[in-house]
Structure formats: C-alpha cells, structure tokens
There are 2 protein chains.
Amino acid sequence: MEDKFLKSAGEELRRKGYKLTGPRLAIISYLAGEKGHPDMQEILEGLRSEYPAIGMATVYRTVDLLLELGILRAVTLKNNHLRYEVNRSGDHHHHLVCRGCGQIIEFGSCNFQLMAREIEKVTRFRIEEHSLEAYGLCPHCLPGSEDHSTEKI
Amino acid sequence: MEDKFLKSAGEELRRKGYKLTGPRLAIISYLAGEKGHPDMQEILEGLRSEYPAIGMATVYRTVDLLLELGILRAVTLKNNHLRYEVNRSGDHHHHLVCRGCGQIIEFGSCNFQLMAREIEKVTRFRIEEHSLEAYGLCPHCLPGSEDHSTEKI
DNA sequence: CTATCTGCAAAGATTTTGCAGCGTA
DNA sequence: TACGCTGCAAAATCTTTGCAGATAG
C-alpha cells in the first residue's frame with residue numbers, strides 16, 4: 001500500500017520527464033510514512049538519518065516540484081507556516097486543529113459538494129478544489145483534563 | 001459603519017490596557033477600508049501615503065497584536081503566505097480563489113455548523129472556529145474568456 | 001510623569017540562486 | 001555520454017530584537 005503510492009509517484013515523475021533520484025525518493029517515502037505534517041525544517045531533519053548528505057536547498061526544490069506534480073499537498077494548520085503531506089488520490093480529508101496541544105486530527109466526512117454547486121450557480125465560478133480547517137479543543141485539552149502537549153502535528 | 005468598527009476596535013485595545021496610538025489606528029482603518037487582502041509588505045506600502053514615517057517592524061508588531069485581540073484575521077489564500085483582513089463580528093465568510101487571475105471573491109453561505117456537530121459527536125473535539133477556501137476559475141478565466149489578471153486579491 | 005510604543009538599524013531566520021561535479025536514463 | 005540534479009555557499013528575503021527617544025493616558 002505504501003509501495004503502491006511510492007510506485008505511482010515515481011511513475012508520475014518519469015512520465016513528466018523528471019529523474020527518479022535518491023533525494024526525491026527519500027522525501028516521498030519519508031512523507032508517505034509520516035503520520036504528522038512536517039514543515040521544511042522537519043523534513044530535512046527527518047531525512048538526515050536515512051540521507052545524511054542532503055541539503056536544505058534540495059528539500060525546497062524537491063518539495064516545490066512534488067507540489068506542482070500533485071504528489072504532495074501543502075496545508076497551513078498553525079496559521080503561520082506551511083506544512084506538507086502526501087496527496088493520496090481518493091483521500092479527501094480536512095483537519096481538526098487543537099489549540100491546546102497542537103494535535104491534528106484528520107476527518108473525512110465532507111458535504112461541501114452540495115454547497116459548492118449552489119455557490120457555482122450564484123457566482124458562475126467553477127470550483128475545482130477546497131480546503132477546510134476547524135480549530136478548537138481536543139478531548140484531552142477540554143477544561144477538566146490535563147495538557148498532553150506531546151501530540152503529533 | 002466603518003466608524004463603528006474602528007470605534008469598537010479602539011475600545012478593545014483600551015480595555016486590554018493597550019494604548020491607542022497613531023500607527024495602530026492607521027493600520028486598522030487602512031485594513032477596514034481595504035477591499036482586498038494585503039500582506040505585510042502591502043500594508044506597509046498602503047500606509048505610507050497616510051503615515052510616511054511608519055516602519056516595517058511596527059507593522060509586524062501591530063498586526064500580531066491585532067490578531068491576538070481578534071481585531072484582524074489571517075488568511076492564506078495563495079498557499080504561500082499570509083494575508084490579513086479585518087474581523088468584523090457577524091461577518092462569517094469564506095473565500096473563492098481564482099487560479100487564473102488571482103481574484104478573491106468572498107462568500108457567506110456556510111452550512112458547516114451541521115457538519116461540525118456531527119464531527120464533535122464522533123471525535124469529542126470541541127470545534128470553535130473554522131476556515132474554508134475554495135479554488136477554481138472565475139467566470140472571466142473560464143476557457144473561452146480572456147485573462148483579466150488585474151483583480152484585487 | 002511613567003510605562004508603553006515607535007522607528008531605526010542590526011541580528012536572526014528563511015528561502016532562493018549560481019555553479020562545479022555527480023548520477024540517472 | 002549528456003543533461004538534469006545535487007550539495008554547498010553566497011545572496012536575497014523576510015521577520016524579530018534591542019535600544020533611545022517619543023507619546024498616550
């Protein structure tokens with residue numbers, strides 16, 4: 001399953017005429033195996049163990065390329081910088097961000113399509129994609145619980 | 001109406017023990033009178049005419065303060081940096097971002113509340129706020145029209 | 001009057017770019 | 001083999017901080 005995503009990402013690179021290099025594979029497989037939503041710095045650090053020679057410039061260039069190809073997706077969960085996740089097809093989800101511990105929960109249910117059709121009728125805009133984040137408090141951080149601020153972003 | 005927002009923003013500052021200074025008023029009234037969604041640089045430039053002596057550091061510090069107080073709100077419309085708008089109470093809206101010309105249309109209809117209650121039941125999260133952006137093509141940029149890339153962000 | 005706020009300039013981060021050598025196709 | 005890709009280091013941006021003088025309350 002992880003294999004399948006990696007394989008198709010590799011094919012997508014090839015198809016568009018890009019080379020399938022070590023850093024590219026390393027970044028894709030790191031993000032594919034990652035539960036959280038790392039930022040550029042965290043991606044670099046996460047790769048160091050498997051790929052000690054990699055440089056920051058390569059991370060920037062590679063992530064930008066993978067975003068363009070739709071292999072990755074950017075999200076702004078903490079309202080001040082960008083984080084990244086793999087863009088598995090058929091995996092339409094949104095984020096629940098806890099303001100207590102920073103934990104992010106993904107949720108899949110989304111009835112925006114109905115709303116979208118309505119908005120398109122009124123505005124004549126063609127809606128192709130959307131993103132939705134909800135902010136609040138997770139069960140641990142609700143008043144009456146202790147702070148468990150060690151969760152994965 | 002613009003007056004009312006400015007007045008209540010000023011009161012909010014005072015109430016929390018902050019001073020009502022020139023730069024603060026200038027930034028609030030600039031953003032209150034602005035249709036678009038300027039970023040830090042654009043706020044600075046927009047203020048220069050009315051307040052030529054203002055410095056970038058003050059813009060950063062002031063915008064951060066006004067965000068904390070809830071007088072402003074940050075949005076990431078172009079997926080790579082933050083833009084700001086005034087946070088008028090009772091003005092719950094989202095953004096339609098055109099990938100052709102960059103224009104942003106605000107829309108108000110939003111039935112997320114129903115979805116939120118459902119998600120809260122399942123996750124035990126308490127949802128306090130949410131943000132939603134939809135991306136696509138505006139009527140001008142749909143195939144068959146010319147590019148009018150001069151719209152306000 | 002006093003504590004806060006501002007502008008400036010310097011420091012610190014973050015992101016981009018140029019280039020010589022490496023590695024994939 | 002050839003061209004694209006990488007790592008490094010430098011450059012360009014963007015953001016934060018320290019401080020002395022200005023200013024709101």
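Quick note: numbers below take in every heavy atom, side chains included, and nothing from hydrogens, waters or symmetry partners. Residue numbering restarts at 1 for every chain, and letters A, B, ... go by the order of the sequence lines.
- The phosphate of C:dT6 (OP1 or OP2) has a side-chain N or O of B:Thr21 nearer than 4.0 angstrom.
- The B:Leu20 side chain lies nearest to D:dG25 when the options are D:dG25, C:dT6, D:dG7.
- The side-chain heavy atoms of B:Leu65 and B:Arg24, taken from C-beta on, include a pair separated by under 4.5 Å.
- In this structure, the side chains of A:Arg61 and A:Met56 stay at 4.5 Å or more apart for every pair of heavy atoms.
- The interatomic distance linking A:Arg24 (CZ) with D:dG7 (C1') rounds to 14 Å, in whole Å.
- Atom CG in A:Leu44 sits roughly 13 Å away from atom C1' in C:dT15 (whole-Å rounding).
- Between A:Glu120 and A:Arg124, no side-chain nitrogen of the basic residue sits less than 4.0 Å from a carboxylate oxygen of the acidic one, so the salt-bridge criterion is not met.
- When only modelled atom types and interatomic distance are considered, B:His130 and A:His94 share no side-chain donor-acceptor pair under 3.5 Å.
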Would you tabulate the pairs of protein nitrogen or oxygen atoms and nucleotide nitrogen or oxygen atoms of nucleotides 16-22 of chain D closer than 3.5 angstrom?
{"from": "D:dG18", "atom 1": "O6", "to": "B:Arg61", "atom 2": "NH1", "distance (Å)": "3.4"}

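- Geometrically, A:Arg88 engages A:Phe5 in a cation-pi contact, judged by NZ or CZ lying under 6.0 Å from the ring centre and within 45° of the ring axis.
- For A:His92 and A:Glu129, the side-chain atoms include no donor-acceptor pair closer than 3.5 Å.
- Summary for the helix from C:dC1-D:dG25 to C:dA25-D:dT1: the axes at its two ends, each from 5 pairs, differ by 50° when rounded to the nearest 10 degrees.
- In this structure, the nucleotide among D:dC5, C:dT6, D:dG7 sitting nearest to the side chain of A:Tyr18 is D:dC5.
- Straight-line distance from the CG atom of B:Leu47 to the C1' atom of C:dT6: 14 Å, rounded to whole Å.
- Residues B:Phe125 and B:Leu132 share a single hydrophobic cluster, defined by chaining ILVMFWY side chains whose heavy atoms lie under 4.5 Å apart.
- Counting only heavy atoms from C-beta on, A:Ile54 has its side chain closest to D:dG7 among D:dT6, D:dG7, C:dG23.
- When the nearest nucleotides of DNA chain D are assigned to B:Gln41 and B:Arg14 by heavy-atom distance, the more 5′-ward of the two goes with B:Gln41.
- Across the protein-nucleic acid pair, A:Leu25 atom CG and C:dG23 atom P stand 15 Å apart, rounded to whole Å.
- We find that A:Glu11 and A:Arg14 are not joined by a salt bridge, their nearest charged nitrogen and carboxylate oxygen being 4.0 Å or further apart.
- With contacts defined as side-chain heavy-atom distances shorter than 4.5 Å, the pair B:Met40/B:His81 does not qualify.
- In this structure, A:Lys19 atom NZ and D:dT6 atom P are separated by 10 Å, rounded to whole Å.
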